[in-house]
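The block underneath contains the structure these notes are about, expressed in structure tokens.
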Amino acid sequence: MDLDRGALRVVETLRAAGHRALLAGGCVRDLLMGRTAKDWDIATDADPDQVASLFARTLPVGAHFGICVVVLEEGHYEVARFRRDGPYANGRHPTSVEAADARADALRRDFTINGLFLDPANREIIDYVGGRADIERGLLRAIGDPVERFAEDYLRLLRCVRFAARLGFAIEESTYAALCAHAPRIDAVSPERIEDELTRMLTERGVVRGLELLMDSGLLQVVLPEVADLRGVQQPPEFHPEGDVWNHVLLVMDQLREPPRSEEHTSELQSPCNL
């Protein structure tokens with residue numbers, strides 16, 4: 001298990017100052033899946049001012065939420081205080097946060113596969129939410145009540161589709177039901193954030209599966225209604241035996257070059273409706 005040198009420096013510095021510090025979230029997920037982690041995030045019991053006092057350069061990107069970015073030669077590392085979120089009022093952000101422990105911090109996150117911690121000192125995986133078992137099963141599951149998780153932050157609707165498509169995971173039944181039920185509320189998210197998620201979805205693995213999940217869940221009809229309207233638009237069968245324009249789009253997207261299968265999760269894909 002290869003760990004990023006800069007992330008280790010951040011953890012070791014925090015610990016030398018008497019704080020608890022763990023690798024958190026997506027980097028732990030990717031390490032367990034044998035994938036190269038893109039971002040290395042650290043969770044700690046130190047607040048942003050304490051973190052800033054330990055490093056030569058930091059960026060206060062989210063002090064209200066207990067977050068700052070440590071800038072090292074190796075890269076930028078997001079350091080977040082263990083926290084518990086207060087009520088969500090606008091479908092995007094909590095109205096308040098409070099310091100908490102690692103378990104509470106895991107329980108506030110979106111999906112079990114993103115709620116894992118790693119102690120780099122002994123390489124121990126700390127799992128309060130069953131994320132390791134879901135990775136082994138190839139299953140995307142919301143932490144706790146999926147209705148509440150999506151209502152807290154509607155951007156999680158697109159993140160759910162993106163993770164399922166990119167990782168080749170099935171979506172757990174109650175999570176998928178909540179995804180479909182909340183799909184009309186995606187318009188509460190800013191166009192910029194929607195664009196960012198769609199761009200990632202269309203430039204990562206599993207583009208066709210992502211588009212199909214967007215269509216079947218009802219999200220596509222809200223974020224890209226012009227594309228959703230392609231379903232049912234017929235083409236001359238002598239030139240397009242594949243069917244309507246929607247099927248044509250999926251076939252075109254399927255021709256985009258995919259990364260080698262050896263880099264992807266090898267679990268069998270399942271339809272979320274058949275779980």
Side-chain angles (χ1 to χ4, degrees), residues 25-26 29 33 85 87-94 106-116 129-131 133-231 246 249-250 253 265 267-275:
R29 176 199 68 226
M33 295 182 65
D85 292 343
Y88 283 70
N90 60 359
R92 278 295 287 123
H93 303 108
L107 293 176
R108 70 163 179 87
R109 295 173 182 256
D110 52 7
F111 307 107
T112 61
I113 64 171
N114 296 332
L116 298 165
V129 294
D134 284 341
I135 288 174
E136 292 172 354
R137 289 183 288 184
L139 192 65
L140 188 66
R141 181 196 306 272
I143 293 174
D145 182 352
V147 172
E148 292 182 8
R149 291 294 80 75
F150 287 127
E152 289 170 346
D153 182 355
Y154 293 120
L155 187 65
R156 290 170 175 170
L157 298 166
L158 291 177
R159 283 170 56 83
C160 181
V161 170
R162 179 165 65 85
F163 282 125
R166 177 162 67 92
L167 301 177
F169 279 15
I171 304 176
E172 182 268 334
E173 184 177 8
S174 62
T175 301
Y176 185 72
L179 170 72
C180 296
H182 284 83
R185 302 303 304 276
I186 190 61
D187 61 1
V189 179
S190 71
E192 292 81 8
R193 296 309 302 273
I194 291 175
E195 178 188 16
D196 182 55
E197 283 297 320
L198 289 178
T199 299
R200 293 184 184 188
M201 197 179 305
L202 295 173
T203 56
E204 295 178 346
R205 298 176 177 87
V207 175
V208 172
R209 176 164 160 78
L211 287 170
E212 291 174 333
L213 283 171
L214 287 175
M215 177 72 86
D216 294 342
S217 67
L219 283 166
L220 193 66
Q221 291 81 340
V222 182
V223 298
L224 290 174
E226 301 87 348
V227 177
D229 287 345
L230 298 178
R231 185 162 62 178
W246 172 244
V249 168
L250 294 180
M253 299 303 289
H265 193 270
S267 64
E268 180 180 356
L269 297 184
Q270 304 176 48
S271 168
C273 299
N274 294 330
L275 288 173

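Contact of the V129 side chain with the D134 side chain is not registered, since no non-hydrogen atoms from C-beta on lie closer than 4.5 Å. Contact of the R159 side chain with the N114 side chain is registered, since non-hydrogen atoms from C-beta on lie closer than 4.5 Å. In this structure the side chain of L220 reaches within 4.5 angstrom of the side chain of M215, judged on heavy atoms. Proximity of L211 to M253: side-chain heavy atoms (C-beta onward) are separated by under 4.5 Å at one or more points. R29 places none of its side-chain heavy atoms less than 4.5 Å from the side chain of F111. Side-chain atoms of L214 and L224, non-hydrogen and from C-beta on, never get closer than 4.5 Å to each other.
Partners of V189 by side chain to side chain contact (heavy atoms under 4.5 Å, CB included), not counting sequence neighbours, listed by chain and number: R92, Y154, L155, I186, R193, I194.
In this structure, the separation between CG on L250 and CZ on R231 is 10.0 Å, given to the nearest 0.5 Å. Note that CD of Q221 is 8.5 Å distant from CG of D229, once rounded to the nearest 0.5 Å. R162 CZ to E204 CD: the interatomic distance, rounded to the nearest 0.5 Å, is 5.0 Å. The CG atom of L167 sits 5.0 Å away from atom CD1 of I113, with the distance rounded to the nearest 0.5 Å. The CD1 atom of I143 sits 11.0 Å away from the CZ atom of R141 when rounded to the nearest 0.5 Å.
Nearest heavy-atom pair, A178 versus F150, reported as atom, atom and distance to 0.1 Å: CB-CD1, 3.7 Å. In terms of heavy atoms, I171 sits closest to L139 at C-CD1, 4.2 Å.
Taking 4.0 Å as the cut-off between side-chain N and carboxylate O, R209 and E212 do not count as a salt-bridged pair.
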